[in-house]
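These notes are about the structure you will find just below.
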Amino acid sequence: MDTDTRPLARIDSFPYRHRVADLMSSPPLTVDPAAPATEAARLMLARRVSSLLVLDGDGRPAGIVTERDMLRALCACPADPGRVADLMTSPVAFVRADAFVYMALGRMARLGLRHLAVIDGMGRAVGVISARDLLRLRSGQSLQLGDRLRTAETAADLATVRAELPALAAALLAEAVEAREVAAVISAVYRDMTRRAAQLAEAALAADPAWGPPPAPYAVLVLGSGGRGESLLAPDQDNALVHRGGAGDAPWFAELGRRMTDLLDAAGLPYCPGGVMASQPDWRHDLDGWRQRIGGWIGHPEPDSLLMVDIFYDLQPVFGDAELAATLQAEALEAARRARGFLAVLGAQLEALNPPLGLFGRFRLDAEGRLDLKLGGLLPVVQGARVMALQHGLAATATRDRLDALAAAGVLTGRDHAALTAGHALLLDVVLRQQIDDLRGGRAAGTRVDPRRFPPEVAARVKDAVRAVDALRMLVRDGLQRAAVSPPSPPRPAAPASPSS
């Protein structure tokens with residue numbers, strides 16, 4: 001994989017640091033499609049905006065009218081420029097509020113537009129972003145990376161974007177972007193790849209007379225690190241599917257899962273070694289099937305099988321019926337919160353994840369002189385935060401969001417919260433930088449790092465980080481023991497889910 005960072009060496013990192021929600025105008029100004037165009041023009045002037053949205057009955061964008069539309073109409077017929085419905089553009093180009101700004105830049109450049117509607121996860125309009133909002137940003141070929149995924153037609157198209165990620169990650173780190181934010185960008189690309197693979201697979205099936213269009217609504221889910229927004233440069237697939245179909249529809253969804261995962265593998269997202277993919281029957285169900293599956297996990301928790309099952313609780317929908325995915329997520333969260341035995345088994349997995357420190361606090365190294373900061377650092381904090389969040393009914397999926405929500409709920413002290421968030425961020429940074437260096441040297445990216453490359457102050461901070469993570473095991477154990485002698489607490493208000501774009 002080419003990791004030459006020269007094309008991105010002078011990258012403007014702002015579009016990769018910030019999300020559309022940071023820049024959009026919100027709430028969006030709207031107008032009735034039957035309103036006279038002159039009324040819309042007066043509203044734009046009064047509110048000093050350059051566009052108005054027309055919404056359907058569900059709050060989704062149905063049209064957009066811009067100042068340019070108004071000028072054209074007034075020039076064509078000054079006496080009676082018509083109604084808004086005569087001028088508006090429909091359908092409306094849009095971007096999600098939680099997308100990174102580079103996605104909006106790329107989409108505007110490709111479509112030649114100056115305005116995009118901004119939607120939430122349910123497709124409802126929450127704002128508008130314009131070229132004026134983005135004037136302070138430099139654009140370039142690199143900023144179109146995300147939008148190229150939207151228009152990809154083949155695995156090779158997807159693979160070209162995937163191949164740019166090491167260079168992009170290196171350039172962002174060079175611009176002092178936190179590794180946690182770099183991981184969020186990488187995860188967003190992996191999720192966009194999964195979304196596009198699902199779209200392409202669906203389109204291919206719809207065009208095939210033997211299969212046809214989807215027989216029922218469905219949603220594709222990304223699990224694990226991709227769902228949490230914490231992917232680095234050694235990914236594999238973790239995905240699933242939920243649908244509203246009946247037994248007779250199962251072959252269609254099985255074929256969709258197979259084609260989607262094959263496409264992703266060919267594009268550089270390898271098959272999951274544990275088979276956590278929508279191509280496998282265990283990870284592809286209707287809603288009742290998922291209820292039974294979750295009930296089986298909870299009713300008969302087995303440590304070996306739950307090594308993969310717990311990543312289900314990091315799910316993020318990336319394509320399809322968002323309401324269906326939200327229903328599954330909410331039901332799974334509530335089922336886990338009430339299942340103390342299930343949570344106890346998840347918590348017990350932490351006991352096998354020992355910090356990579358030996359006698360006198362020295363790093364415990366493998367035969368190559370490396371230490372595994374996933375098993376001894378990242379995985380314990382991820383799993384510990386997940387178990388505690390599930391125990392308290394917190395809907396956040398990103399590890400940082402879970403830790404923040406636990407602190408806000410009084411479950412973590414300020415000191416523990418600070419140590420864990422700082423430790424998690426540092427470990428992500430160390431592993432990501434090692435992956436970039438390894439790829440440059442022709443070695444596959446992994447999670448084992450060479451501590452000989454650490455300056456003394458970094459080595460000390462890494463040791464502090466893994467000690468803080470190790471202490472989390474005791475926090476989880478104590479919390480579960482206290483819960484065992486008290487009734488289940490009511491669910492807390494849902495924290496924001498990990499963003500996807």
### Query
Using 4.0 Å as the upper bound for N to carboxylate O, is an ion pair formed by Asp437 and Arg453?
yes
### Test item: Arg259 side-chain N/O and Ala201 main-chain N/O as donor-acceptor pair under 3.5 Å
no
#### Entry: Lys/Arg N to Asp/Glu carboxylate O, Asp22 vs Arg19, below 4.0 Å
no
## Note on the structure
Between the CG atom in Leu233 and the OG1 atom in Thr447, the distance rounded to the nearest 0.5 Å is 12.5 Å
### Ion pair check, Asp192 and Arg195, cut-off under 4.0 Å
yes
### Query
Arg244 pairs by salt bridge (Lys or Arg N to Asp or Glu O under 4.0 Å) with which of Asp288, Asp286, Asp321?
Asp321
### Asn239 side chain to Arg284 side chain, donor-acceptor N/O pair below 3.5 angstrom
no
### Ion pair check, Asp372 and Lys374, cut-off under 4.0 Å
no
### Task
Tell me, please, which residues at least two apart from Asp157 pass salt bridge (Lys or Arg N to Asp or Glu O under 4.0 Å).
none
### Query
So, does Asp401 use its side chain to make a donor-acceptor pair with the main chain of Ala398 at under 3.5 Å?
no
### Message
Which residues pass the salt bridge (Lys or Arg N to Asp or Glu O under 4.0 Å) test with Arg258, not counting sequence neighbours?
### Response
Glu255, Asp262
### Query
With the threshold set at 4.0 Å, does a side-chain nitrogen-carboxylate oxygen contact exist between Asp438 and Arg370?
yes
### Query
Among all residues two or more places apart in sequence or in another chain, which pass the ring pair (Phe, Tyr, Trp, His ring centres under 6.0 Å) test with His243?
Phe253
### Query
Using the ring of each side chain (for Trp, its six-membered ring), is Phe454 parallel, tilted or perpendicular to Phe363, with breaks at 30° and 60°?
perpendicular
### Query
What pair of heavy atoms forms the shortest contact from Thr397 to Arg402, and how long is it?
O-NH1, 3.2 Å
### Query
Have Gln280 and Asp282 got a donor and an acceptor in their side chains that come within less than 3.5 Å?
no
### Task
Please confirm whether Arg386 makes a cation-pi placement over Phe312, using NZ or CZ under 6.0 Å from the six-membered ring centre and within 45° of the ring normal.
no
#### Entry: Backbone of Ala425 reached by a side-chain donor or acceptor of Glu178 within 3.5 Å
no
### Where Trp252 and Pro213 come nearest, the two heavy atoms and their spacing
NE1-O, 3.5 Å
#### Entry: Polar side-chain atom of Asp236 near backbone of Pro270 as donor-acceptor pair, under 3.5 Å
no
### Query
Does the side chain of Glu230 pick up a donor-acceptor pair with the side chain of Ser187 at under 3.5 Å?
no
### Euclidean distance, Leu403 CG relative to Met388 CE, rounded to 0.5 Å
8.5 Å
### Message
Check Glu153 with Arg196, please: is the shortest side-chain N to carboxylate O separation under 4.0 Å?
### Response
yes
### Query
Minimum heavy-atom separation for Val128 to Pro28, with atom names?
CG2-CB, 4.1 Å
### Message
One thing to verify: whether Arg448 and Glu368 come together as a salt bridge, which I'm taking to mean a side-chain N less than 4.0 angstrom from a carboxylate O.
### Response
no
### Nearest-0.5 Å distance, CD1 of residue Ile311 to OG of residue Ser225
8.0 Å
### Query
How far apart are the closest heavy atoms of Phe319 and Tyr218, and which atoms are they?
CE2-OH, 3.1 Å
### Message
Could you check whether any side-chain heavy atom of Val276 comes within less than 4.5 Å of a side-chain heavy atom of Leu223, counting everything from C-beta outward?
### Response
yes
### Summary
Nearest heavy-atom approach of Gly226 to Arg191 is O-NH1, 2.6 Å
### Message
Using a 6.0 Å cut-off, check whether atom CD of Glu323 has over 12 heavy atoms from anything other than its own residue.
### Response
no
### Ionic contact status for Asp56 with Arg60, cut-off 4.0 Å
no
